[in-house]
Structure formats: C-alpha cells, structure tokens
Amino acid sequence: MTPDKGPGFGAETFQRNAGVSRETLDRLALYHDLLQKWAPAINLVGKESLSDAWRRHFWDSAQVFSLLPPPPPSRALRLVDLGSGAGFPGLVLAIMGAVEVHLVESDMKKCSFLREAARITGTEVTIWNRRIEGVEPLHADVVTARALAPLARLIGLAKPHLKPTGLGIFLKGRGVEQELTAIPKGATLVVDKFPSRSDPDSTILVVGGISG
C-alpha cells in the first residue's frame, strides 16, 4: 500500500512505515535537518523535493532495507552504494543497520556533505571520493544505486564490485520496462521487480547473476 504523500509525510509517518526505533529516527532527523541546510548551496537533491524529503528521499531509501539479503554467517553484510550523491539510499541504510557500507561519489562537495552527515549521526561508513570506474573492486554482497544510470549501464558499473553471489538493488522510475528490454539477449540475469512503496510510478529491481 502506498503511504500518504506530500508535505504531510513527516518524521512520524516515516517511522510508522519504516518501523525504525526512536533512536534511529532521531539520527535520521539530524540527517534530514542537515540536508535542508546544505541543499540550497549544493545540488544535493531537486529543490522541489525538499519539502517532501521524508517520503521522496528517506522513505524511498529505507524501503530497500527489507530487500537486503541476510548477512553471511562469519562477517557483516557489505553494501556498496554507487553514485551516492546526498546518501540515498546508502547512508539511510547504514543508519538503519546495514553494517558495512561504502558510499561512492565523485563530487567533492557531496562527499563533504556525506562526511558531515555520517559524523553528526554517528554512522560508520567508508566514503570513496572517486569516479566509480576508479574504485578498486570492493567484493560487495549488495550494490545499490538510485537515479544513477540506465539499467544496462548500471550492470556494467556494478559487476566489478560484486561477489559472484551478490545482488544489485536498483531504484528505477517510469522507464523501467524500456530499460529491461535493452538488456542484451542471452544475459544470465535474474530480475525480480518490486513496486515502490514511496512512489506508485517507481519500481525496485533486485538483480542477481550480474557477476555470473
């Protein structure tokens, strides 16, 4: 079910939908306030989305948490967020408890924002201020991306960073069906589609077999 929309979707509505603790909500509220403070000076998110940030950015990111696979038995789950921008979804997932999170972002100003957001929320993340192609293979269990590139390109960007059994979790908009048809025939991908719970026009793709 799609939750309430618009500026009325605030912190309490987010908590009701995401099921996070009060402590986690308080940390996300610090992040939200920092976004509001920095966004006018840095192109972090679309200006029109700031008044609805709890739904458009925080809930949109948080819904990915339930799609993450269980961590391996002997170590923490490793998640790599490509083109992190303002930290969606990677930093939100880290605050919610995704243990080992790497944020890859080439823009220096956005990385400064990510570092400050991680600091004030007490969140341990690794921030790579490089182009995606310039980051060493990170052997991730999960690679996430939101509004970064068409699916065919995303798969190419994610492949060097995924373990053979790893998953790509990609938040996509209205053009998802066209992107799916652009995947080369014969590709050994397994794609599951989940309707977005924050936007009825969006879809979350969980893609396996990328490194196969």
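Position 1 is the first residue of the sequence; numbering continues from there.
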Can you check whether [X] reaches [Y] side chain to side chain, under 4.5 Å on heavy atoms?
| X | Y | result |
| --- | --- | --- |
| R115 | N129 | yes |
| V191 | V207 | yes |
| W38 | E116 | yes |
| F113 | L91 | no |
| S84 | K110 | no |
| L180 | L151 | yes |
| L25 | E12 | yes |
| I210 | L189 | yes |

Rounded to the nearest 0.5 Å, how far apart are [atom1] of [X] and [atom2] of [Y]?
| X | Y | atom1 | atom2 | value |
| --- | --- | --- | --- | --- |
| T144 | D81 | OG1 | CG | 3.5 Å |
| Q15 | R22 | CD | CZ | 5.0 Å |
| L82 | I132 | CG | CD1 | 4.5 Å |
| L157 | L148 | CG | CG | 6.5 Å |
| T126 | E100 | OG1 | CD | 6.5 Å |
| E23 | L28 | CD | CG | 11.0 Å |

Quiz item: F58 and I42: same hydrophobic cluster, using ILVMFWY side-chain contacts below 4.5 Å?
Solution: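 Yes, F58 and I42 fall within the same hydrophobic cluster.
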Exercise. Check whether I120 and W54 end up in the same hydrophobic cluster, where Ile, Leu, Val, Met, Phe, Trp and Tyr are linked by side-chain heavy atoms less than 4.5 Å apart.
Key: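 Yes, because I120 and W54 connect within a single hydrophobic cluster, where side-chain heavy atoms sit under 4.5 Å apart.
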Over all atoms of both residues, closest heavy-atom pair of [X] and [Y]:
| X | Y | answer |
| --- | --- | --- |
| A94 | T123 | CB-CG2, 3.7 Å |
| S61 | P89 | OG-CA, 3.3 Å |
| P137 | P160 | CB-O, 3.3 Å |
| T13 | G8 | OG1-O, 3.8 Å |
| A140 | V80 | CB-CG2, 3.5 Å |
| L50 | Q36 | O-NE2, 3.0 Å |

Could you check whether atom [atom1] of [X] has more than 12 heavy atoms from other residues, nucleotides or ligands sitting under 6.0 Å from it?
| X | atom1 | result |
| --- | --- | --- |
| R153 | CZ | no |
| R174 | CZ | no |
| E133 | CD | yes |
| E48 | CD | yes |

Quiz item: Which class fits the ring pair W59 and F14: parallel under 30°, tilted 30 to 60°, perpendicular over 60°?
Solution: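 Plane angle over 60°, so perpendicular.
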Quiz item: Will you find, in the side chains of D199 and S196, an N or O donor that is under 3.5 Å from an N or O acceptor?
Solution: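 No donor-acceptor contact under 3.5 Å links the two side chains.
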Quiz item: Can we say K193 and E177 salt-bridge, meaning some charged N sits less than 4.0 Å from an Asp/Glu carboxylate O?
Solution: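 Judged by the 4.0 Å cut-off on N to carboxylate O distance, K193 and E177 do form a salt bridge.
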Quiz item: Does a salt bridge link D60 with R56, judged by any charged N lying under 4.0 Å from a carboxylate O?
Solution: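 Not counted as a salt bridge, because no side-chain N and carboxylate O are separated by less than 4.0 Å.
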[X] side chain vs [Y] backbone, donor-acceptor pair below 3.5 Å:
| X | Y | result |
| --- | --- | --- |
| E105 | I127 | no |
| R131 | S106 | no |
| D141 | R78 | yes |

Quiz item: Would I95 and V20 satisfy side chain to side chain contact (heavy atoms under 4.5 Å, CB included), going step by step from the backbone distance to the final call?
Solution: CA-CA 10 Å; I95 293 171; V20 298; over 6 Å; no
Return a table of donor-acceptor pairs under 3.5 angstrom between the side chains of residues 161-168 and protein atoms on other chains or two or more places apart.
residue: H161; atom: ND1; partner: E136; partner atom: O; Å: 3.4
residue: H161; atom: ND1; partner: L138; partner atom: N; Å: 3.3

Quiz item: So V45 and F88, side chain to side chain contact (heavy atoms under 4.5 Å, CB included) or not? Walk me through it.
Solution: CA-CA 10 Å; V45 296; F88 305 116; 4.0 Å; yes
